[in-house]
Number of protein chains: 2
Amino acid sequence: MTMSNTAGRRRPPTIHDVARVAGVSRGTVSRVLNGGHHVSPAAQEAVNAAIRKTGYVVNRHARSLITGRSDSIGFLLTEPQEKLFEDPNFNVLLRGCTQALAAHDIPLLLMLAGTEDERRRITRYITAGHVDGVLLVSSHSGDPVAEELREAGVPLVQCGKPMGLGSKVSYVAADDRDGARDMVRHLLSLGRRRIGVVTGPLDTPGGVERLAGYKEVLSEAGVEVDERLVVTGDYSRASGGAGAERLLERAPDMDAVFVASDLMAQGVLTALRRAGRRVPEDVSVGGFDDSPAATESAPALTTIRQPWDRISSEMVRVLLAQIGGDDPAAVILPTVLVRRDST
Amino acid sequence: MTMSNTAGRRRPPTIHDVARVAGVSRGTVSRVLNGGHHVSPAAQEAVNAAIRKTGYVVNRHARSLITGRSDSIGFLLTEPQEKLFEDPNFNVLLRGCTQALAAHDIPLLLMLAGTEDERRRITRYITAGHVDGVLLVSSHSGDPVAEELREAGVPLVQCGKPMGLGSKVSYVAADDRDGARDMVRHLLSLGRRRIGVVTGPLDTPGGVERLAGYKEVLSEAGVEVDERLVVTGDYSRASGGAGAERLLERAPDMDAVFVASDLMAQGVLTALRRAGRRVPEDVSVGGFDDSPAATESAPALTTIRQPWDRISSEMVRVLLAQIGGDDPAAVILPTVLVRRDST
DNA sequence: TTCTCTACTGTGAACGCTCACAAACGCAGG
DNA sequence: CCTGCGTTTGTGAGCGTTCACAGTAGAGAA
């Protein structure tokens, strides 16, 4: 026998209570709640006053039940999470999306699909309409989730250019190729000609595009593209170090390295130091991402900044537009060369 | 008259459809969905088959509307996010909580309350019952959100011991004091006697407790606690470096430092090197957290591991128990000394 | 057989909201 | 004065579930 008076969980006010206090009907309150069209100024004001007085907050479950929308969107991660969660870029992205959505009063559901099991459960959850749309982060190609969601007609925006499917799915990405071009041009402008590259996995758009930009610029500049100067890493620090060792072995005359991520570049710096090469005197090193790692390394990395804040806000914008009925869209954002001490 | 056949967003199956296919009533399907008590094996099987056949997924909005529960949990951040999101510990925590909840099929809503405005909106959202409980991460004391939520009767579990309010609120924390004691004892066992400390902000439990452990062990060992050996940082790398410089200036004979976070310890290492002290020969350095920074620094840090995976799973367990009606509970988890090259 | 008890099953009502519809109310034009 | 029209308002129905309750069947005891 709880007597809910001052404290405790008393039943929250409903639209009915507001209507009674305002002296109008449910319908009018509902109209005010949803934009206030076809409501007289007097009623409008009365309702708003009643809402303030009662502390009314709309029950989203009841609303969703009838509208069919959930007024929430999912942030889906299909990567092995360990790696991604330690990626500072990812954190900026997650935070950016949360804030951009908060501005629309839309909560963000964080979903991790690590195992096959989780993947299935989450796909069911999403396709059942429990979110209105999905922000998808999954760099590797051949991700079955993206395809499933697309087929189910779920509004979807990917972060980074998807490799498999064509232009049927929205995405927001930094201009990887152009960023790579900027960096390699920068290295060329320093007089470097034996420029190595540690690229990312070739089943990721970043890996492919950054390598393509590298080759393009060299060709355009009339510099031979030497396959001995090309190695592949997996974006980890360790793979950067291993890559640098391989490069030095195959091309001891290397005078610069373009590394497809700052984390790998850190590994490259360590390996170079261990091999007795000075940076930037003997070898210039260019990174990619402008992550915190770039300023923490010694020397501080010259790198390519990805506009993560804009990427997140654009992802949200495109997704909301798509939920509103727009067609899928691709957004490519420019990168910026940040010059520091490693070149 | 739509003929929904193969493609398009056809209406998802309802409990009604399942009942029809299974040849039973809504009630029976509902009972199967909710644990299957008082249902005959035959009906049980028929319903499960019908669910598989129709691809039925429960409409959580309808369920929430009547049960009053939302079957979702909020993960609330009231810190200035920049700092926290770059903290590797925090990422482990977020991931751990998401996964622990996923095991219960409960989605996690990520909420950031950076500004005062957001704080208000989110408090309204939560108190309106849109989440069943809240996992709160906010180390600083005097956080008004915690108090508001507690008063509103929202199940709440904090990460780290809350400073303000007493034992009325649940929390899960590593044993900061004991961890600090282990580390200082370890330093003493190496023969060090002039042990400095760079502690965290004194309005955080970590700052206070780790300092307390340090002082306790020194006193117990009969070593004088010299206030010149005590400085305060803010958990940032830079503040660690500044702290080390201050310590060296005030107590040049220092032969060890206990640093309250690995990130600060990195700064300490750099400052010591710059001052010409060798680690660990001249000065032993002990960190706290066992974050990635601990193995990335040179030399690798001896540190105190916080059991973040267990912290997250315990937070979820305690919160679910509290939602189920249990009283608030405090859980203190043991830490582990990880010996590496800096001591 | 008949009664009782238990295990199971079906059925309205309700949750809080939106939507479509109808009613009411001006106000202008014939 | 009536008609027609546009704007504002009220009302009933229904979204898909769960819950309480009533009902049914089958087993065991008398």
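Numbered from 1 within each chain, the chains take letters A, B, ... in sequence-line order.
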Taking N or O atoms only and anything under 3.5 Å, show me the protein contacts with nucleotides 6-9 of chain D, one pair per line.
residue	atom	partner	partner atom	Å
D:dT9	OP1	A:Ser40	OG	2.6
D:dT9	OP2	A:Ser40	N	2.9

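- Between the side chain of B:Arg60 and the base of D:dG16, no donor-acceptor pair under 3.5 Å is found.
- B:Leu33 is listed as a side-chain neighbour of B:Ile51, based on a closest heavy-atom distance under 4.5 Å.
- B:Glu45 places its CD atom 16 Å from the P atom of C:dC8, with the value rounded to the nearest Å.
- Below the 3.5 angstrom threshold, one finds no donor paired with an acceptor across the side chain of B:Arg26 and the base of C:dT11.
- When rounded to the nearest whole Å, the span between NE2 of A:His16 and P of C:dC17 equals 10 Å.
- Rounded to a whole Å, the CZ atom of A:Arg63 is 18 Å from the P atom of D:dG16.
- For residues 39-61 of chain B, every residue pair satisfying the salt bridge (Lys or Arg N to Asp or Glu O under 4.0 Å) rule, not counting sequence neighbours, is listed here: B:Glu45-B:Arg52.
- Each of A:Gln158, A:Arg150, A:Gln322 was evaluated against A:Ser170; a single residue qualifies, A:Gln322, per the side-chain hydrogen bond (donor to acceptor under 3.5 Å, both in side chains) test.
- In this structure, B:Ser30 reaches the D:dT18 phosphate: one of its side-chain N or O atoms is under 4.0 Å from OP1 or OP2.
- A straight line from CG of A:Leu65 to P of D:dT18 spans 12 Å, rounded to a whole angstrom.
- Rounded to a whole Å, the CG atom of A:Asn34 is 10 Å from the C1' atom of C:dC17.
- The aromatic rings of A:His61 and B:His61 lie tilted to each other, with the angle between the two planes from 30° to 60°.
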